[in-house]
Amino acid sequence: MSAGKRSGRLFGVGVGPGDPELITVKAQRVLRQAQVIAYPCARHGNSNARSIVCSELIHGQIELPMMYPVTTEQSDHPGGYEVALSQFYDEMAEQIAEHLASGRDVAILCEGDPFFYGSYMYLHDRLAHRFSTQVIPGVASIMGAAAQLGTPLVRRDTEFTVLPGTLSEDVLVAKLSQQGAFAIMKLGRNFAKVKRAIDTAGLADKALFIERATMAAERIIPLREVDPLHVPYFSLILIPDTSQAQRDETIRSVGWISVVGLGPGATDWITPEAQQALTEATDLVGYHTYLDRVPVRSGQRRFGSDNKVEADRARHALSLAESGSRVCVVSSGDPGIFAMASAVLECVDQGPPVWRSLDIRILPGLSAMQAAASRVGAPLGHDFCVVSLSDRLKPWEVVAKRVEAAASADFAIAIYNPISSERIWQLAEARTIIAKHRGSETPVVLARSVGRSDERITMTDLEHFDPSQADMQTIILIGSSTTRGLALSNGRKLIYTPRSYGDRSHGA
């Protein structure tokens, strides 16, 4: 190439699933402007990609057929088919590179989308770092098939999985046994194996088979009638997710109420059961701060309120469920530990008889004390007690009596609601009570906002425990007389409470 001469541009052009009217406007423009059109073809010379765009090949373009090694034949190449295919891509890349180096723009055709199981990507790997390149996306065959079959693939938060039929039968069965929607491609000689996997997974009644979707020769056939010996390359199986539609139909006129634990903070700690309920709900009710942790979903109503109106929140949620709504009452941590489950059930107990006929579910969550304990080892590994220092719903005399009892019984203690703007002295008093029954070296953990971006874990002992370091976002763990520290070789410090007690060893 002479100095200063411009290299041509490389285009990977998705031409869609087969219907020429599904080519994008951008792809059409590139095809008309490129000087060279490269396309895959079989040994007999026919090219499906070229047939899709043949009406655009009237502008004097140079055509470059790319005759692939045939996968159904034995290769006489000494390295086998894979090496033969790699060598083919190398050779085609050099032919295309010659055109590009001469200043010609080259458009490589690819059925469907170039980067979705497209053969173009192997040429892209060999050329994109050498020449200016642009990829033009195309309508994938899966989308074309769904449109022709007239079936939605996924609804709302359904997961969608694309599986190649080349996977082993055991792997296919395992994948298809999960929830969600599926597309299975690369059928051909793999069809019989794929069909067995679908039968094993119990999805035969849902599976939809289509050949040459959107093409003139398109065929939609019941899966049981497909001849496994004559399955063309351009065929696939769709298994849409019908579970959500069935659930929606079942519960459309029946209200329910789920009290849902969101866990202490990290999204990964929300259980799949809780996620499912949050997805299905028409209404969410909860403390503003907890509602903010739930993603906003279109059409879903949210009712936030202050953290001191638990009974009002519960009554509102029950009234919504009574009217036919699907209601999630959200709690941090576990809803049954100083949270909304007891508030809802107390309102049911004291409320109108109709509330007793509601579908009421309590969905557990990872508690703050469990999360805090996991950060420092296993301080709750033996008997422990959980106490809330809040005296808003019970007198301080009762709180102090329970702290005294837990400390004297040598429980490890998890303290919730340790301090607030209105309660600034109770934690120091609780420390004084516990210190009467514990040594000064007893491990103490202050865990704030566990699982959130502002998480802070402080490990200290009873002597140096400073109550002013805590707030309402903090949970405090205080060890028993047997709780001890452990230093790892990397310098990390952990604490744990042994399962054995004193000199007496007990079985699990």
Is the backbone of [Y] close enough, under 3.5 Å, to the side chain of [X] for a donor and an acceptor to pair up by distance?
X	Y	value
Thr271	Ala274	yes
Glu322	Leu318	no
Arg452	Gly265	no
Arg293	Gly263	yes
Lys175	Leu167	no
Thr432	Ala428	yes
Asp334	Gly365	yes
Arg302	Val294	yes
Tyr416	Met369	yes
Asp461	His464	yes

[X], [atom1] atom: more than 12 neighbouring heavy atoms under 6.0 Å:
X	atom1	answer
Lys193	NZ	yes
Lys394	NZ	yes
Glu21	CD	no
Asp205	CG	no
Arg224	CZ	no

Nearest heavy-atom pair of [X] and [Y]: which atoms, and what distance?
X	Y	result
Pro418	Leu389	O-CD1, 3.8 Å
Leu494	Gly377	CD2-N, 4.1 Å
Ile457	Glu455	CG1-OE2, 3.7 Å
Trp269	Gly451	CZ3-CA, 3.7 Å
Gly118	Cys110	CA-SG, 3.5 Å
Ser177	Ala201	OG-CB, 4.3 Å

Side chains of [X] and [Y], heavy atoms from C-beta outward: is any pair under 4.5 Å?
X	Y	result
Pro443	Met459	no
Leu446	Phe465	yes
Leu262	Tyr290	yes
Val296	Gln300	no
Trp355	Ile360	no
Arg313	Phe303	no
Arg356	Asp349	yes
Thr460	Asp466	no

[atom2] on [Y] to [atom1] on [X], rounded to 0.5 Å:
X	Y	atom1	atom2	value
Leu462	Arg431	CG	CZ	7.5 Å
Lys436	Ser408	NZ	OG	9.0 Å
Ile220	Leu208	CD1	CG	8.5 Å
Asn417	Met472	CG	CE	4.0 Å
Ile495	Thr497	CD1	OG1	7.0 Å
Ile184	Phe191	CD1	CZ	9.5 Å

| request: Go through the steps for Thr279 and Gln276 under the test side chain to side chain donor-acceptor pair (under 3.5 Å), then give the verdict. | output: CA-CA 5 Å; Thr279 299; Gln276 186 64 50; 5.4 Å; no

| Stepwise, does the side chain to side chain contact (heavy atoms under 4.5 Å, CB included) test hold for Arg402 with Val398? | CA-CA 6 Å; Arg402 291 176 179 177; Val398 172; 3.5 Å; yes

Salt bridge between [X] and [Y], side-chain N to carboxylate O under 4.0 Å?
X	Y	answer
Glu169	Arg196	yes
Asp241	Arg155	no
Arg438	Asp410	yes
Asp359	Arg361	yes

Side chains of [X] and [Y]: do they bring a donor and an acceptor to under 3.5 Å?
X	Y	value
Thr166	Asn190	no
Glu159	Gln179	no
Asp471	Thr474	yes
Thr482	Ser480	yes

| said: Please evaluate residues Glu225 and Phe209 with respect to the criterion side chain to side chain contact (heavy atoms under 4.5 Å, CB included), reporting the C-alpha separation (whole Å), side-chain torsions for both, the decisive distance (0.1 Å), and the verdict. | reply: CA-CA 10 Å; Glu225 298 179 11; Phe209 178 88; over 6 Å; no

| Given Met340 and Tyr287, is the side chain to side chain contact (heavy atoms under 4.5 Å, CB included) satisfied, shown in steps? | CA-CA 10 Å; Met340 285 301 299; Tyr287 173 37; over 6 Å; no

| task | Would you sort out whether Met185 and Leu163 count as a side chain to side chain contact (heavy atoms under 4.5 Å, CB included), showing the intermediate values? | result | CA-CA 6 Å; Met185 306 179 66; Leu163 300 171; over 6 Å; no

| task | Kindly indicate, with the supporting measurements, whether the criterion salt bridge (charged side-chain N to carboxylate O under 4.0 Å, His left out) is fulfilled by Arg448 and Asp454. | result | CA-CA 8 Å; Arg448 186 184 190 281; Asp454 58 340; 3.0 Å; yes

| message | Would you say the rings of Phe411 and His382 are close, in the sense that their centroids are separated by under 6.0 Å? | response |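 So the answer is no for these two rings.
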
